[in-house]
Amino acid sequence: MSSHGTRDVKLYRTSPSLGPKTEPVGTLQDAGFPHGLRFTGDDRHIIVADAGSPAVHVYERGDSWTGRRGPARSVGVLDEETFQRGRASVEEGGPKGLDIDRSNSVIAVTCEEQALAFYPLASVLGSGIGPGLAP
């Protein structure tokens, strides 16, 4: 569950007892203004779209998703001009939607000012080119 109010993503274990008062098992900190998010197919990473920046944030599971963790890396997916065009407030301008294709090799990102862009998933996870990707 992503939250602009706390600027994080809370992770909950799926169980029959899950309810409004259930405490999260994990928290992804420093998510900015999180919108879309996706687990990678191998469950080793979560990628979070930050509507308040031109980036997506990549979190690594480690041994489990329990506990608090910051992003392992943040990767620019919008150029500065595109980001600034959508900057109506501190919570806007950046990516809002994202998805990973079935082959777990391509990430799609979208926002108001950029209808759709595709990137190699390996480059976002850190096994490809550095920060600031070209679609």
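In what follows, every heavy atom counts, from backbone to side chain, and hydrogens, waters and symmetry copies are set aside. The first residue in the sequence is number 1, and the count goes up from there.
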Would L18 and R13 count as a side-chain contact (heavy atoms from CB on, under 4.5 Å) if you check the C-alpha gap in whole Å, the side-chain angles of each, and the deciding distance to 0.1 Å?
CA-CA 8 Å; L18 183 63; R13 189 172 319 282; over 6 Å; no

Apply side-chain contact (heavy atoms from CB on, under 4.5 Å) to F118 and D101, showing your working.
CA-CA 10 Å; F118 299 95; D101 79 316; over 6 Å; no

Given side-chain contact (heavy atoms from CB on, under 4.5 Å), test I47 with L121 step by step and report yes or no.
CA-CA 10 Å; I47 304 170; L121 182 60; 3.5 Å; yes

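No donor-acceptor pair under 3.5 Å is formed between the side chain of D50 and the backbone N or O of V56. Side chain of D99 to backbone of A108: no donor-acceptor contact under 3.5 angstrom is found. In this structure, the side chain of R73 does not engage the main chain of H57 through any donor-acceptor pair within 3.5 Å. Remark: the backbone N or O of V77 is paired with a side-chain donor or acceptor of Y119 at under 3.5 angstrom. Remark: the backbone N or O of T27 is not paired with any side-chain donor or acceptor of D8 at under 3.5 angstrom. Formation of a donor-acceptor pair under 3.5 Å by the R38 side chain with backbone atoms of H45 is not found in this model. Within the 3.5 Å criterion, the main-chain N or O of G26 finds no donor-acceptor partner in the side chain of R68.
Atom OG1 in T66 sits 9.5 Å away from atom CG in L11 (nearest 0.5 Å). Put simply, NZ on K96 and CD on E112 are 7.0 Å apart, with the number rounded to the nearest 0.5 Å. With values rounded to the nearest 0.5 angstrom, R7 atom CZ is found 8.5 Å from E91 atom CD. If you take OG on S53 and CG on D30, they are separated by 11.5 Å, rounding to the nearest 0.5 Å. In this structure, CD1 on I46 lies 9.0 Å from OH on Y59, to the nearest 0.5 angstrom. In this structure, CD in E92 is found 15.0 Å from CZ in R85, a value given to the nearest 0.5 Å.
Scanning all heavy atoms of the two residues, the minimum distance from R69 to G62 falls at NH1-N, 4.4 Å.
In this structure, the side chains of P95 and V109 come closer than 4.5 Å at one or more pairs of heavy atoms. Inter-residue side-chain proximity for L78 and C111 is flagged as met; some heavy-atom pair is nearer than 4.5 Å. Here the side chains of V25 and Y12 are not in contact, with every heavy-atom distance at 4.5 Å or above. Contact check for F39 versus I100: no side-chain heavy atoms found under the 4.5 Å cut-off. In this structure, the side chains of T110 and L98 stay at 4.5 Å or more apart for every pair of heavy atoms.
When the shell of 6.0 Å around CZ of R44 is examined, it contains 12 or fewer heavy atoms from other residues, nucleotides or ligands. Atom CD of E113 is surrounded by more than 12 heavy atoms from other residues, nucleotides or ligands within 6.0 Å. Remark: E81 CD is loosely packed, at most 12 non-hydrogen atoms of other residues, nucleotides or ligands lying under 6.0 Å away.
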